[in-house]
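Report on the following structure.
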Protein chains: 2
Amino acid sequence: MDSSPPDLLGEFAADRLLLGRSSTVRRVTDVLRDRIAAGALRSGTRLSEEALGGALGVSRNTLREAFRVLAHERLVVHEMNRGVFVRSLGPADVADIYLTRRALETEGVRSATGSGRLAPVAEAVAAGESAARDGDWSAVADADLRFHRAVGALTGSERIDAYLAGLLAELRLAFAVMSDPRALHEPFLRRNRQIADLLAADRSRDAEAELVRYLDDARELIVARMRQDAQ
Amino acid sequence: MDSSPPDLLGEFAADRLLLGRSSTVRRVTDVLRDRIAAGALRSGTRLSEEALGGALGVSRNTLREAFRVLAHERLVVHEMNRGVFVRSLGPADVADIYLTRRALETEGVRSATGSGRLAPVAEAVAAGESAARDGDWSAVADADLRFHRAVGALTGSERIDAYLAGLLAELRLAFAVMSDPRALHEPFLRRNRQIADLLAADRSRDAEAELVRYLDDARELIVARMRQDAQ
DNA sequence: CTTGTGGAATTGTTCAACAACCTTCTAGCC
DNA sequence: GGCTAGAAGGTTGTTGAACAATTCCACAAG
């Protein structure tokens, strides 16, 4: 091993996390998180320990460990002696999420000046436009979330990225119960492009102002749609 | 019950969370979190399931549920097949925490204009100054964290408050292993006061600039002290 | 229509067991 | 001596069963 070039050793070290066998709890958590994000588990659904454990082929104790993680991620709600339920977002939650996104994403825009790390941002914008041409609105939604996560990642902060990923996962709870994804995502494709262009032109001040407007408008649209769908 | 004034019913509804009996997992999580914050469990300590479970009088399964929560809060590190360890913060972690604090706390300052919610901020400043007069540097540290959490709370966002609380809990991991708390906290008492005064004078622009300087300076001081203590 | 009451179902927690894994020590080899 | 392989012991990962406590639901009684 001593004769290997240091580059290769570094790559293997990076792979270590990937190939580390994962625990059952981890896999169960991932499966449930994906199912919730995909809308396969509707908001309010109760996740019975016995039924779910039987379906997934894991014990109640293992499942309960996974529930603790998902509850901390706010994707499920744990009610004492009653069980865990898929979270359902209210207008107040959506408003809170957008407020928090503003804090994190504007910090990303502010710290973008001069850094050559704009590639993921541009890539997400292009992916969204491409998906829109294909009429694949689910892919548009994915690209939109990827765009905003990339903006937050401009801070270079591991924690900001983790928080933002969690917030966007929560938002999927709201998207999952709403109809007409096109009306929800199409208007913002152009604005993502605009923000990306402003960043590329090193006009972070303008990009921040536009981002704030974007987030306020998106919040208004979603809250309005939620109140409308609620009837 | 129909004859009760609506005010009373509202108050009882608010009390509902308070009187809810707590689970064993919840109590264990709280105990461990407090012990870690107080420095009673040093960084790097392995938390043996059998030993800790025996000491606390809870089963391994219950303890493992608590571990999942603490790991998600980044207060412990869970290493597969090796156990959980009290987290130890490196300089990179501290830098990341301060970067994230900047995003959240400056948002608080920006949204403070005109709001009459400055009372908790002023209270924390006064508490810090009072504790400093008594030479109680542990209480000064408490008041300092309370001040910054109050600044974040100016956003009115539940999530920002939760994130900030988590970040400050993490920071205690670094404080716990450092000597001379006075040198660590005293220089910042005056600056907390200054920020609070700027907010009270509705000069949020200046308060934000000062807060950014504050956080950068604090980060530098702590990272320097960490490298120094590490030898 | 509200208030008890009983029973079924579910959660909260513990315990015991076993496989898988990590760490350490020992023995043997060059 | 220094290094490698392998055995031994201890710890974690996961399961299944058990029981108390609690919630939920239906139904009877006032």
For [X] and [N], is the shortest distance between a side-chain N/O and OP1 or OP2 below 4.0 Å?
X: A/Thr24; N: D/dT14; result: yes
X: B/Arg64; N: D/dT12; result: no
X: A/His78; N: C/dT11; result: no
X: A/Thr62; N: D/dG13; result: no

Taking [atom1] from [X] and [atom2] from [N], how many angstroms apart are they, rounded to a whole number?
X: B/Arg26; N: C/dT13; atom1: CZ; atom2: C1'; answer: 18 Å
X: B/Met80; N: D/dT12; atom1: CE; atom2: P; answer: 13 Å
X: B/Leu47; N: D/dG13; atom1: CG; atom2: P; answer: 13 Å
X: A/Glu79; N: C/dT11; atom1: CD; atom2: P; answer: 12 Å
X: A/Leu56; N: D/dT14; atom1: CG; atom2: C1'; answer: 14 Å
X: B/Phe67; N: D/dT14; atom1: CZ; atom2: P; answer: 15 Å
X: A/Glu65; N: D/dG13; atom1: CD; atom2: P; answer: 8 Å
X: A/Glu50; N: C/dG12; atom1: CD; atom2: C1'; answer: 14 Å

Expected rows: protein N/O vs nucleotides 17-21 of chain D N/O, under 3.5 Å:
{"unit_1": "D/dA18", "atom_1": "N6", "unit_2": "A/Arg60", "atom_2": "NH1", "d": "3.4"}

(request) State which residue, out of B/Ile97, B/Leu75, B/Val94, fulfils the side chain to side chain contact (heavy atoms under 4.5 Å, CB included) condition with B/Leu173. (result) B/Leu75

(message) Holding to ring-ring contact (aromatic ring centres under 6.0 Å, His included), I want the full list of residues that pass it with A/Tyr163, two or more places apart in sequence or in another chain.
(response) B/Tyr163

(message) Measuring centre to centre across the rings, with the benzene-like ring taken for any Trp, is B/His78 within less than 6.0 Å of B/Phe85?
(response) no

(message) One thing to verify: whether A/Asp96 and A/Arg219 come together as a salt bridge, which I'm taking to mean a side-chain N less than 4.0 angstrom from a carboxylate O.
(response) no

(message) Taking B/Asp180 first and then B/Arg225, would you say they form a salt bridge - that is, a charged N and a carboxylate O separated by under 4.0 Å?
(response) no

(message) Regarding B/Gly57, tell me which of base, sugar-phosphate or nothing describes its non-hydrogen contacts under 4.0 Å with the strands shown.
(response) sugar-phosphate

(request) Answer with base, sugar-phosphate or nothing: what part of the nucleic acid does B/Arg46 contact at a heavy-atom distance below 4.0 Å? (result) sugar-phosphate

(request) Report yes or no: is the cationic atom of B/Arg64 (NZ for Lys, CZ for Arg) closer than 6.0 Å to the six-membered ring centre of B/Phe67, at no more than 45° off its axis? (result) no

(request) Establish, yes or no, whether the cationic atom of B/Arg101 lies under 6.0 Å from the six-membered ring centre of B/Tyr98 and within 45° of the ring axis. (result) yes

(message) By nearest heavy atom, map B/Glu49 and A/Leu63 onto DNA chain D; which one lands nearer the 5' end?
(response) B/Glu49

